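Note sheet for the following structure.
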Amino acid sequence: MRTDLCGALRRDDVGRTVSVCGWVQSRREHGEHLAFIDLRDHTGVVQCVVDGAHDLRSEYVLRITGTVRPRPEGTDNPNLPTGEVEVGDCTVEVLSRAEPPPFPIDGRGDVDEQHRLRHRYVDLRSERMQRNLRLRARVNHAIRNAMDAQGFVEVETPMLIASTPEGARDFVVPSRLSPGAFYALPQSPQLFKQLCMVGGVDRYYQIARCLRDEDLRADRQFEFAQLDAEASFVSQADVQAFISEAVAAATEAVTGERPTVFPSMTWLEAMERFGSDKPDTRFGMELVELTERFSATEFNAFKAPCVKGICVPGGGDKTRKQLDDLTEQAKRWGAKGLVWMRVGAGGELTSPVAKFLSEGELAGIVEATGAAEGDLVLIVADERPRVRHVLGLLRLELGRPPVTEGGLQFLWVVDFPLFEALDEAGLPIPAHHPFTMPHDEDVALLDTGDPQDLLTVRSQAYDLVCNGWELGSGSVRIHRPDVQARIFALLGISDEEANAKFGFLLEAFRYGAPPHAGFAFGIDRLVALLAGEENIREVIAFPKTQSGQDPLTKAPTAIDARHLTELGLRVLPKVD
RNA sequence: GGUCCCGUGGUGUAGUUUGGAGUGCACGCCGACCUGUCAAGCCGGAGGUCGCGGGUUCAAAUCCCGUCGGGACCGCCA
């Protein structure tokens, strides 16, 4: 049907008779017998000179056959790759008529996202979406190549699996053949990839679709794609190397540049310096430790287990209103309050609370934060986790660069705690999942009998972070039944409960489990970062809105009564 | 569960602070003109439940309350 792609025609093609197919991007009429049609396909636009175009409207689908010729002297368009040539002596075939598009697709100006999703098939024609879809395909391809080259085998795991109560909320699918019973859609292939290890697959990978019924965000959809991988007889460092290779290959496939070795940072350092386990290291404004400097303070608000601050360069020009809003924001994030200080000439601090602080304390703040004239210092005092959390969020709020700035700062965050906190009953809450291997040096701390010691146990879990986004996480798994039993006991999970939930995995481990470790990272997030997009919907062909709706298909929808009956279901009336 | 922002012809926006006739702009659309344009140009035209409901007022796009939809975030996401 076609001999060439629109965007590919060049001076070398002059003299050839070609057929091109595509959509009418624009039409410029010059009287009855001369008109220009810009015909667009996924490769770009080419100008076609036709004898009248009055019945060729925007977005009509055409096949145009003609001769490639150089443009007349002085009419080249340097803004187009095809701008030195045009297709002349055209025969035009209308393959499809089209109503005027519901919104412009020439990339000029933003269109309301809901409109774009309502007519996604039109939106996908845009240069932006074509670029993002193809970029994503290149990333997938590079990842598959990299994993294949490292000896990984692609194994597909089921979409209809058993629900487990841990982790995110499951999407469930009612069973027709077993009324009242449900499948769950996988939050990840976690247990299956471990079964693959027991099965001697040695190195497994999959670009897996994962589903979690949690609230949506700019970087979270119900369904998302992960590079999921697991390998036997390997260390944490081996897994990091495998994954770094895949990410580097994907990055190189898009940018042409291969990122250098990814640095590592411990979880504790990330929390103390950036107030986040996924630090955005593209900018400074790091959290500064002030606790010791106020150990004997007279200022009640600073008599707290932890005092930390950040320095906002040039932030001293914020108005009182802006600072009040910032304080309110900090309170909404959980702080008791927010102390702000403007830095004047000579380093003297202006603040409503300055009068409660000694000269030495004020000087200490300036010294510790390195604040200079015109800066703003923000200080939070509270329990340590809360201080980190609030200052970490303030730092992002006030300093985070746009996604397209600062390059790609890949970073491994290592030595996560095994348990993130104790619950009301004093039982530890796993930070990762209950199959995560404790750090070899910390295993003894599991048995001291002091619950506080448990919180200091490091795990062999590691995250890959880039520009403040958690790309993925992984861990060395427990393959020894005695260690696994100990963890379950600490978590308050009885043998019966463990068997009920994970019996098939524990049973599998009885038949010879190799030591293994793995990782998974979010393809959507990596692609968004590489595409310079602030949200992953821009790199997903048919995403959901924040409320989980699809404006195009109207999903989710009600199903008819017979269908419900067949599944043994009854819909309850809505409760307010 | 919570906080904040947004909603005006097909699209994007100005107007909202300080109430006074659906008021403007750009693009698109329809018709006419136009033989070298390329964000074509030029002339004319059509197109509106100011998201929806209620309230205040002589008068509401504008102020108040509620609601729906979209977005950002906190919680949530082992």
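Predicted, not measured: the structure shown is a model, and the values here were computed from it. Residue numbers begin at 1 in each chain, while the letters A, B, ... track the order of the sequences. Note that these values count all heavy atoms, side chains included, but never hydrogens, waters or copies made by symmetry.
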Round to the nearest Å and state the distance from [X] atom [atom1] to [N] atom [atom2].
{"X": "A:Q226", "N": "B:C77", "atom1": "CD", "atom2": "C1'", "result": "12 Å"}
{"X": "A:L117", "N": "B:G69", "atom1": "CG", "atom2": "P", "result": "16 Å"}
{"X": "A:E534", "N": "B:C73", "atom1": "CD", "atom2": "C1'", "result": "14 Å"}
{"X": "A:L393", "N": "B:C73", "atom1": "CG", "atom2": "C1'", "result": "9 Å"}
{"X": "A:H115", "N": "B:G71", "atom1": "NE2", "atom2": "P", "result": "13 Å"}
{"X": "A:K544", "N": "B:C77", "atom1": "NZ", "atom2": "C1'", "result": "17 Å"}
{"X": "A:D112", "N": "B:G7", "atom1": "CG", "atom2": "C1'", "result": "9 Å"}
{"X": "A:Q329", "N": "B:U3", "atom1": "CD", "atom2": "P", "result": "13 Å"}

Using the [atom1] atom in both, what is the distance from [N] to [M], to the nearest Å?
{"N": "B:A21", "M": "B:U3", "atom1": "P", "answer": "36 Å"}
{"N": "B:G55", "M": "B:G10", "atom1": "C1'", "answer": "33 Å"}
{"N": "B:C64", "M": "B:U17", "atom1": "C1'", "answer": "16 Å"}
{"N": "B:G24", "M": "B:A40", "atom1": "P", "answer": "25 Å"}
{"N": "B:C6", "M": "B:U18", "atom1": "P", "answer": "15 Å"}
{"N": "B:C73", "M": "B:U56", "atom1": "P", "answer": "40 Å"}
{"N": "B:C74", "M": "B:A14", "atom1": "P", "answer": "28 Å"}
{"N": "B:G15", "M": "B:A60", "atom1": "C1'", "answer": "14 Å"}

Inset, instruction - Indicate whether A:F103 forms a stack on B:U11; treat it as stacked only if centroid distance is below 5.5 angstrom and interplanar angle below 30 degrees. - result: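 Stacking is absent between B:U11 and A:F103, given that the ring centres and planes do not meet under 5.5 Å and under 30°.
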Legend entry - Neighbour count >12 (heavy atoms, 6.0 Å) for atom CZ, A:F182: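 Yes, because the 6.0 Å sphere around CZ of A:F182 holds more than 12 heavy atoms from other groups.
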Inset, instruction - Verify the neighbour count for atom CZ of A:R131: are there more than 12 heavy atoms of other residues, nucleotides or ligands below 6.0 Å? - result: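 Check passes, neighbour count above 12.
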Pick base, sugar-phosphate or nothing for [X], based on heavy-atom distances below 4.0 Å to the nucleic acid.
{"X": "A:T436", "result": "nothing"}
{"X": "A:R332", "result": "sugar-phosphate"}
{"X": "A:P72", "result": "base"}
{"X": "A:E86", "result": "base"}
{"X": "A:D110", "result": "sugar-phosphate"}
{"X": "A:I429", "result": "nothing"}
{"X": "A:A35", "result": "nothing"}
{"X": "A:R69", "result": "base"}

Base paired to [N] (Watson-Crick or G-U; both N/O distances under 3.5 angstrom):
{"N": "B:U57", "answer": "none"}
{"N": "B:G31", "answer": "B:C43"}
{"N": "B:C4", "answer": "B:G71"}
{"N": "B:G66", "answer": "B:C52"}
{"N": "B:C76", "answer": "none"}

May I ask you to evaluate whether [X] reaches the phosphate of [N], defined as a side-chain N or O under 4.0 Å from OP1 or OP2?
{"X": "A:R537", "N": "B:A72", "result": "yes"}
{"X": "A:R57", "N": "B:C30", "result": "yes"}
{"X": "A:S58", "N": "B:G28", "result": "no"}

Nearest to side-chain heavy atoms of [X], which nucleotide of [options]:
{"X": "A:H389", "options": "B:G70, B:G75, B:A72", "value": "B:G75"}
{"X": "A:W333", "options": "B:C74, B:G36, B:G12", "value": "B:C74"}
{"X": "A:V49", "options": "B:G36, B:C74, B:G75", "value": "B:G36"}
{"X": "A:A218", "options": "B:A72, B:U37, B:G12", "value": "B:A72"}
{"X": "A:Q546", "options": "B:G12, B:A72, B:G70", "value": "B:A72"}
{"X": "A:H54", "options": "B:G31, B:G70, B:A72", "value": "B:G31"}

Distance-only donor-acceptor test (3.5 Å): side chain [X], base [N]:
{"X": "A:R212", "N": "B:C76", "answer": "no"}
{"X": "A:D215", "N": "B:G75", "answer": "yes"}
{"X": "A:R116", "N": "B:G70", "answer": "no"}
{"X": "A:Q549", "N": "B:G69", "answer": "no"}

Legend entry - 5' priority, RNA chain B, between A:P102 and A:A168 [closest heavy atom]: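 Its nucleotide being nearer the 5' end, the pick is A:P102.
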Legend entry - 5′-ward residue of the pair A:E420/A:R217 relative to RNA chain B: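 Comparing both residues, the 5'-ward one is A:R217.
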Within the 3.5 Å criterion, strictly below it, is a donor on [X] or [Y] matched to an acceptor on the partner's side chain?
{"X": "A:R537", "Y": "A:Q546", "value": "no"}
{"X": "A:Y462", "Y": "A:D415", "value": "no"}
{"X": "A:Q206", "Y": "A:T157", "value": "yes"}

Inset, instruction - Anything under 30° is parallel, anything over 60° is perpendicular, the rest tilted; go ahead and classify A:F509 against A:H516. - result: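 Rings of A:F509 and A:H516: perpendicular, as their planes differ by over 60°.
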Legend entry - A:Y121 and A:H119 aromatic ring geometry - parallel, tilted or perpendicular at 30°/60° bounds: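 It falls in the perpendicular class, over 60°.
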Taking [X] first and then [Y], would you say they form a salt bridge - that is, a charged N and a carboxylate O separated by under 4.0 Å?
{"X": "A:R69", "Y": "A:E86", "answer": "yes"}
{"X": "A:E29", "Y": "A:R27", "answer": "yes"}
{"X": "A:R212", "Y": "A:E223", "answer": "no"}

Legend entry - Listed partners of A:R63 passing salt bridge (charged side-chain N to carboxylate O under 4.0 Å, His left out), at least two apart: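 Only A:E93 meet the salt bridge (charged side-chain N to carboxylate O under 4.0 Å, His left out) criterion with A:R63.
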Legend entry - Those residues that, when tested against A:R10, pass salt bridge (charged side-chain N to carboxylate O under 4.0 Å, His left out) (two or more places apart):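 Checked A:R10 against salt bridge (charged side-chain N to carboxylate O under 4.0 Å, His left out); zero matches.
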Could you list, one pair per line, each protein nitrogen or oxygen that sits under 3.5 Å from a nitrogen or oxygen of nucleotides 38-43 of chain B, together with the distance?
{"residue": "B:C38", "atom": "O4'", "partner": "A:R28", "partner atom": "NE", "Å": "3.0"}
{"residue": "B:C38", "atom": "O2", "partner": "A:Q47", "partner atom": "OE1", "Å": "3.3"}
{"residue": "B:C38", "atom": "O2", "partner": "A:N77", "partner atom": "ND2", "Å": "3.1"}
{"residue": "B:C38", "atom": "N3", "partner": "A:R71", "partner atom": "NH1", "Å": "2.5"}
{"residue": "B:C38", "atom": "N4", "partner": "A:R71", "partner atom": "NH1", "Å": "3.3"}
{"residue": "B:C38", "atom": "N4", "partner": "A:T75", "partner atom": "O", "Å": "2.2"}
{"residue": "B:A39", "atom": "N3", "partner": "A:R108", "partner atom": "NE", "Å": "3.3"}
{"residue": "B:A39", "atom": "N3", "partner": "A:R108", "partner atom": "NH1", "Å": "2.1"}
{"residue": "B:A40", "atom": "N6", "partner": "A:E29", "partner atom": "O", "Å": "2.4"}

